[in-house]
A.B. asks: 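The structure under discussion is supplied below as structure tokens; questions concerning it will follow.
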Amino acid sequence: MWRSCAPSWAPPPVPVAFTLGARDVRAAGLAHCRRPPLPTGPVPLGSAAAPALHYPLGDGTDPAAWTALKALTEHLRTGGG
């Protein structure tokens, strides 16, 4: 059985954060990952021996977060431990 609902407008999704797991932090290099091309640094998660890093990108309302996410992922790809 199909149900219907009233049409409504929803804005396109905008990223709010990116989290890099401990394995990927180790692969890219912790020092490199701690210096993102963002206005604020990452928030460490997990243990000090194997940290994950959480990068806030915004509150979900500014489309510029897509540009920040692209710059961050390109930066992280250039790491290498």
Side-chain angles (χ1 to χ4, degrees):
M1 168 184 259
W2 292 94
R3 299 181 80 187
S4 62
C5 59
S8 63
W9 181 83
V14 176
V16 296
F18 180 82
T19 302
L20 191 64
R23 181 184 65 202
D24 293 320
V25 168
R26 187 172 47 256
L30 180 58
H32 181 75
C33 293
R34 283 186 173 158
R35 294 186 313 271
L38 302 173
T40 60
V43 177
L45 302 173
S47 71
L53 296 174
H54 179 78
Y55 303 87
L57 299 172
D59 63 4
T61 61
D62 186 357
W66 284 112
T67 303
L69 179 61
K70 182 178 183 209
L72 174 61
T73 56
E74 288 174 358
H75 171 78
L76 294 172
R77 282 189 192 116
T78 65

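Below, all heavy atoms of this structure are taken into account, side chains as well, without hydrogens, waters or symmetry copies.
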A.B. asks: Looking only at heavy atoms, which two atoms of Gly60 and Val14 are closest? And how far apart?
C.D. replies: O-CB, 3.5 Å
A.B. asks: Run the numbers on Tyr55 and Leu38 for side chain to side chain contact (heavy atoms under 4.5 Å, CB included), then give the verdict.
C.D. replies: CA-CA 9 Å; Tyr55 303 87; Leu38 302 173; 4.1 Å; yes
A.B. asks: Roughly how far apart are Leu45 CG and Leu20 CG, rounded to 0.5 Å?
C.D. replies: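 So the gap between those two atoms works out to 10.5 Å.
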A.B. asks: Checking Leu76 against Asp24 for the side chain to side chain contact (heavy atoms under 4.5 Å, CB included) test, could you report, in this order, the C-alpha distance in whole Å, the side-chain angles of both residues, the deciding distance, and whether it holds?
C.D. replies: CA-CA 9 Å; Leu76 294 172; Asp24 293 320; over 6 Å; no
A.B. asks: Can you give me the closest heavy-atom contact between Ala65 and Pro15, atom names plus distance?
C.D. replies: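 Where Ala65 meets Pro15 most closely, the heavy atoms are CB-O, 3.4 Å.
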A.B. asks: Check the pair Val16 / Asp59 against side chain to side chain contact (heavy atoms under 4.5 Å, CB included), numbers first and verdict last.
C.D. replies: CA-CA 6 Å; Val16 296; Asp59 63 4; 5.8 Å; no
A.B. asks: For the residue pair Ala71 and Pro37, what are the closest heavy atoms and their distance?
C.D. replies: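 Smallest heavy-atom distance, with atoms named: O-CG, 3.6 Å.
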A.B. asks: So, for Pro36 and Leu72, which heavy atoms are closest and what is the spacing to 0.1 Å?
C.D. replies: CB-CD1, 3.8 Å
A.B. asks: Applying side chain to side chain contact (heavy atoms under 4.5 Å, CB included), run through Leu57 and Trp66 and close with a yes or a no.
C.D. replies: CA-CA 9 Å; Leu57 299 172; Trp66 284 112; over 6 Å; no
A.B. asks: What are the two closest heavy atoms between Ala48 and Pro51, and how far apart are they?
C.D. replies: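 So the two residues come closest at O-CD, 3.5 Å.
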A.B. asks: Output yes when a side-chain donor or acceptor of His32 lies under 3.5 Å from a complementary backbone atom of His75, and no otherwise.
C.D. replies: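 Yes; at least one donor-acceptor contact below 3.5 Å.
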A.B. asks: Report yes if some heavy atom in the side chain of Pro42 is under 4.5 Å from a heavy atom in the side chain of Cys33; otherwise report no.
C.D. replies: no
